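As a basis for the values below, the full set of heavy atoms in this structure was taken, side chains included, without hydrogen atoms, waters or symmetry mates. All of these numbers come straight from a predicted model, not from anything done at the bench.
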Amino acid sequence: MKKCAVIGSINMDLVLRVPRFPRPGESLIGSSFKTTFGGKGANQAVALGKLGIPVRMAGQVGGDAFGEAYCEHFQSCGVDVRAVQRAQDLTTAVADIFVNDAGENFIGTDPGANLACTPEWLDRILPGLMDCDIFLLQLEIPLESVFCALKRLHAAGKTVILDPASAAPLPEEALACVDYLTPNETELRTLTGNLPEASGTEERIRALIGGSDRVVVHKSGAHGAYIGTRHGITHVPGYPVKAVDTTAAGDTFNAGLAAGLAMGRSLEESVRLANAAGALAVTALGAQAGMPTLEAAESLMANSASTLR
């Protein structure tokens, strides 16, 4: 089995359940509050650990209790933390998350120690990751560091999966270093902002691929995902579940995709696993609470296949 590494953000999530999102200036009484582990990079690492894939996390936490608790949490989930460093003069990043009764979320963040993931930090930690095969990155640490990592990993012949979130335009120079690009609808539109507003999903996917060998895996929530290559676009259906909290569903999807590739599965089978993992992730409150084991994801896949027969 191939080994995975995640380079990215580590946040502590402060989650408040509300009946609906408040209007500007309005105060709402919530029904519950939880402090949970989050951050797109950390979510992907924990999801991989729960799926049983060897994974190493690279990021920064603060010199506070949140940072200490997170390192312990990583280890309990099977995540190697040798490349997680402590920025003693900063706080661990936090995300304030409102979740409504429909399971939708609204998020604001303070990047904290994620800002310490500088190119100089990358120089320190990257040599210790080079025994890994598949790398997952996102856009919640400084973009300069993300771009540096993409270039160096591409030059080293590593497989690179980029989750272009939070949504931001990306230069072609950076995209050229990506093997698998995994945008949701908002990110797909942001990355193809040069196209007319009325452009459809498939047109946008084709524009992102261009003449490259890059694979675009468009995450489409309950509808599943679309695999785009220069040979065409394939729809892979999702799995129906009752959504409780959609936080980190996309992160779990990316982990499922990487897990399938790490186990040597085909691209389509890897996306099916990603759909199942992402579906199960929305069935519990909190970014990581619903992240499944490999057995749970495969059980959902098998049961759904049986129902269709």
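- For E120 and T118, the side-chain atoms include at least one donor-acceptor pair closer than 3.5 Å.
- Side-chain contact check for D133 versus C4: every heavy-atom pair is 4.5 Å or farther apart.
- Heavy atoms of other residues, nucleotides or ligands lying less than 6.0 angstrom from CD of E173 number 12 at most.
- The aromatic rings of Y226 and H218 sit parallel, their planes meeting at an angle under 30°, below the 60° perpendicular limit.
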Do any side-chain atoms of residues 140-148 form donor-acceptor pairs under 3.5 angstrom with protein atoms, and if so which ones, sequence neighbours left out?
unit_1	atom_1	unit_2	atom_2	d
E140	OE1	S9	OG	2.5
E140	OE1	K40	N	3.0
S145	OG	C117	O	2.5

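- Contact annotation: the side chain of S199 never approaches that of T192 to less than 4.5 Å [non-hydrogen atoms, C-beta and beyond].
- Ion pairing between a basic and an acidic side chain is recognised when a charged N comes within 4.0 Å of a carboxylate O; E269 and R272 show such pairing.
- Criterion: ILVMFWY side-chain heavy atoms under 4.5 Å apart, direct or through other members. Under it, L273 and L261 are part of a common hydrophobic cluster.
- Side chains of D179 and T159: no donor on one and acceptor on the other come within 3.5 Å.
- Note: the hydrophobic cluster containing W121 also contains L153 (ILVMFWY, side chain heavy atoms under 4.5 Å, direct or indirect links).
- One finds no salt bridge joining E68 and R86 here, because no Lys/Arg side-chain nitrogen approaches an Asp/Glu carboxylate oxygen to under 4.0 Å.
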Q: Show your working on side chain to side chain contact (heavy atoms under 4.5 Å, CB included) between D13 and K34 and close with a plain yes or no.
A: CA-CA 8 Å; D13 291 347; K34 291 179 68 175; over 6 Å; no
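- Between H223 and E185 the shortest side-chain heavy-atom distance does not fall below 4.5 Å.
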Q: Would you sort out whether L150 and F135 count as a side chain to side chain contact (heavy atoms under 4.5 Å, CB included), showing the intermediate values?
A: CA-CA 9 Å; L150 292 176; F135 286 76; over 6 Å; no
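- Proximity of a side-chain donor or acceptor of S304 to a complementary backbone N or O of L300 within less than 3.5 Å is detected.
- The side-chain heavy atoms of V178 and L170, taken from C-beta on, include no pair separated by under 4.5 Å.
- Taking D163 as the reference, Q44, K219 meet the side-chain hydrogen bond (donor to acceptor under 3.5 Å, both in side chains) condition, with sequence neighbours excluded.
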Q. Can you list the steps and then say if M57 with I10 is a side chain to side chain contact (heavy atoms under 4.5 Å, CB included)?
A. CA-CA 9 Å; M57 179 69 207; I10 301 171; 3.8 Å; yes
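- Judged by distance alone, the side chain of T247 and the main-chain N or O of A287 form no donor-acceptor pair under 3.5 Å.
- With a 6.0 Å radius and a threshold of 12 heavy atoms from other residues, nucleotides or ligands, F98 has its CZ atom at or below the threshold.
- Side-chain contact between D101 and P19 is present, with at least one heavy-atom pair separated by less than 4.5 Å.
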Q: Take R204 and L195 through the side chain to side chain contact (heavy atoms under 4.5 Å, CB included) test and state the conclusion after the steps.
A: CA-CA 8 Å; R204 293 179 184 276; L195 295 180; 3.8 Å; yes
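- Counting only distance, with no hydrogens or angles, the side chain of R17 and the backbone of N100 share a donor-acceptor pair below 3.5 Å.
- Taking 4.5 Å as the limit, some side-chain heavy atom of M291 sits within range of a side-chain heavy atom of N43.
- Between D213 and R230 there is a salt bridge, with a side-chain nitrogen of the basic residue lying less than 4.0 Å from a carboxylate oxygen of the acidic one.
- Side-chain contact between I53 and L294: absent, with no pair of heavy atoms (C-beta onward) separated by less than 4.5 Å.
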Q) Between Y70 and F74, is a ring-ring contact (aromatic ring centres under 6.0 Å, His included) present by the stated rule, with each step listed? A) CA-CA 6 Å; Y70 220 133; F74 275 137; 4.8 Å; yes
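- Residues E197 and R189 are in side-chain contact: their nearest non-hydrogen atoms beyond the backbone lie under 4.5 Å apart.
- Here the CD atom belonging to Q60 is positioned 10.0 Å from the CD atom belonging to Q88, to the nearest 0.5 angstrom.
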